[in-house]
Structures are given as structure tokens and as C-alpha cells.
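What follows is a set of notes on a single structure, which appears directly below.
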Amino acid sequence: MTELGPGEESLIKVAALARARAYAPYSKFKVGAAIRSSRNRIHAGANVENASYGLTVCAERVAAFVAVNAGDAKAWDAIAIVAEGDGLPTPCGACRQVLAQFSPAMTVILATTGGARKVTTLAELLPDPFRLEVGT
Ligand code: THU
């Protein structure tokens with residue numbers, strides 16, 4: 001099992017706490033995410049489902065939008081993503097693209113409530129994101 005540092009483990013802890021606030025009555029699959037910015041601020045989110053299933057928003061995007069709305073939209077160091085089950089919760093393509101808009105080089109920490117961990121990077125998960133340069 002991958003051994004992580006205390007910074008990574010505490011980011012996972014925040015993501016796990018956020019996960020408790022997931023609204024997932026349809027899939028019952030609760031996900032929590034926490035983004036740490038280079039200013040050392042942490043922004044968390046959980047998935048929010050809808051009766052019109054396609055309107056569901058993943059935990060990673062909720063956390064990203066919380067960060068942006070807190071005025072902390074640049075140079076994110078890392079995101080931790082936590083879910084329950086055997087498989088590690090790797091972010092969907094839409095969330096990869098949204099994260100890459102702000103921090104294409106960030107670290108991505110995948111974790112389960114059972115203690116599995118994997119550390120990767122957004123560049124590895126999404127090597128060639130779509131970009132429309134607008135000087136942000
Ligand atoms: N989900 C996330 O929140 N993050 C992911 O990385 C993948 C999937 C959510 C969306 C939906 O509410 C539930 O998990 C099942 O797909």
C-alpha cells in the first residue's frame with residue numbers, strides 16, 4: 001500500500017468529511033473531494049445528484065467550483081478524492097477537463113475509506129486538455 005505524507009493524509013481526511021455531505025439517493029455512491037491550493041487553503045465538495053440523472057455534478061467539480069468562488073482559482077497543488085469500495089475513485093473525463101482549466105499539473109490523490117491510496121498527476125490522467133487561451 002502506498003505510504004503518504006501527513007499533508008496528503010490530512011487532505012484525504014477533509015475529503016472524507018465532505019463525502020458525508022454527498023447527495024446521492026440514486027446511485028448511493030458517495031464521493032468527497034478536497035483541493036489544496038498553493039496558498040495552503042482547502043476547498044471541499046461532494047457529489048450532488050438529481051432526479052434528472054444527467055444533471056448530477058461530481059464531487060471534484062463541486063470542490064473546484066467552491067475554490068473558484070472563494071477567489072482561489074489558481075495554482076492548486078493537489079486534490080484528494082475519496083469513495084467507498086474496492087476500486088480507487090479515478091475522476092471522470094469532465095472533471096479532469098475542469099481541473100485542468102485551473103491547474104493542469106496538480107497532484108491527484110485517490111483514496112478509499114478502506115485505506116487504499118494512489119498518487120498520480122492530472123497531466124498523467126489528462127495529457128492534452130482542451131485549451132482556449134483567454135489569459136486567465
Ligand atoms: N462521481 C463523483 O462524484 N466523482 C467521480 O469521480 C465519479 C463519479 C459521482 C457521480 C454520481 O453521483 C455517482 O458518483 C455515481 O456515478
Side-chain angles (χ1 to χ4, degrees):
M1 193 170 287
T2 317
E3 284 286 323
L4 303 185
E8 284 70 33
E9 284 297 339
S10 67
L11 195 60
I12 291 169
K13 212 165 272 178
V14 175
L17 286 172
R19 182 175 168 270
R21 296 192 289 268
Y23 177 75
Y26 304 103
S27 74
K28 317 268 190 231
F29 189 70
K30 296 183 169 196
V31 185
I35 291 172
R36 187 182 62 227
S37 74
S38 57
R39 292 154 68 188
N40 218 20
R41 291 177 65 191
I42 293 178
H43 310 279
N47 52 325
V48 181
E49 299 186 342
N50 191 272
S52 178
Y53 294 172
L55 300 182
T56 291
V57 183
C58 298
E60 297 90 325
R61 265 175 293 156
V62 172
F65 297 156
V66 164
V68 173
N69 273 262
D72 200 10
K74 276 190 195 159
W76 298 336
D77 289 334
I79 182 169
I81 306 161
V82 179
E84 196 169 49
D86 292 336
L88 286 157
T90 183
C92 79
C95 290
R96 294 176 194 198
Q97 176 67 30
V98 167
L99 293 169
Q101 178 80 22
F102 301 101
S103 294
M106 73 193 301
T107 297
V108 179
I109 303 161
L110 311 176
T112 68
T113 53
R117 292 307 181 239
K118 181 181 173 182
V119 180
T120 182
T121 63
L122 190 56
E124 195 164 274
L125 295 174
L126 187 67
D128 194 13
F130 175 71
R131 282 177 220 276
L132 190 64
E133 295 307 339
V134 289
T136 49

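Just so it is clear, the model here is predicted, and its values are computed rather than measured. For ligands, and for the atoms within them, numbers begin at 1 and follow the listed sequence.
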Just verifying a value: how many Å separate [X] [atom1] and [Y] [atom2], rounded to the nearest 0.5 Å?
X	Y	atom1	atom2	answer
D72	H43	CG	NE2	3.5 Å
T113	I12	OG1	CD1	11.5 Å
I35	R41	CD1	CZ	12.0 Å

With nothing but distance in play, are any N or O atoms of A24 less than 3.5 Å from an N or O of ligand 1? no
Quick check: closest heavy atoms across [X] and [Y], and the distance to 0.1 Å?
X	Y	answer
E49	S27	OE2-OG, 2.5 Å
A100	L126	CB-CD2, 4.1 Å
G85	T112	O-CG2, 3.6 Å

Is V119 linked to V82 within one hydrophobic cluster, defined over Ile, Leu, Val, Met, Phe, Trp and Tyr using a side-chain heavy-atom separation of less than 4.5 Å? yes
Does atom OH of Y26 have more than 12 heavy-atom neighbours from other groups under 6.0 Å away? yes
Starting from [atom], find the nearest protein heavy-atom neighbour and note its residue, name and distance.
atom	answer
atom 14 (O) of ligand 1	F29 CD2, 3.4 Å
atom 10 (C) of ligand 1	T56 CG2, 3.8 Å
atom 7 (C) of ligand 1	C58 SG, 4.3 Å
atom 6 (O) of ligand 1	E60 OE2, 2.5 Å
atom 12 (O) of ligand 1	E49 OE2, 2.5 Å
atom 15 (C) of ligand 1	S27 OG, 3.6 Å
atom 3 (O) of ligand 1	A59 N, 2.9 Å
atom 9 (C) of ligand 1	N47 ND2, 3.5 Å

Can you name the atoms of ligand 1, numbered from 1 with element, that are less than 4.0 Å from a heavy atom of T90? 6 (O)
As an exercise, identify every atom of ligand 1 less than 4.0 angstrom from a heavy atom of P91. 6 (O)
Quick one: does ligand 1 sit under 4.0 Å from the side chain of I81, the backbone, both or neither, non-hydrogen atoms only? neither
Does C95 reach ligand 1, in the sense of a heavy atom lying below 4.0 Å from it? no
Can you check whether V31's main-chain N or O pairs, donor with acceptor, with N47's side chain at less than 3.5 Å? yes
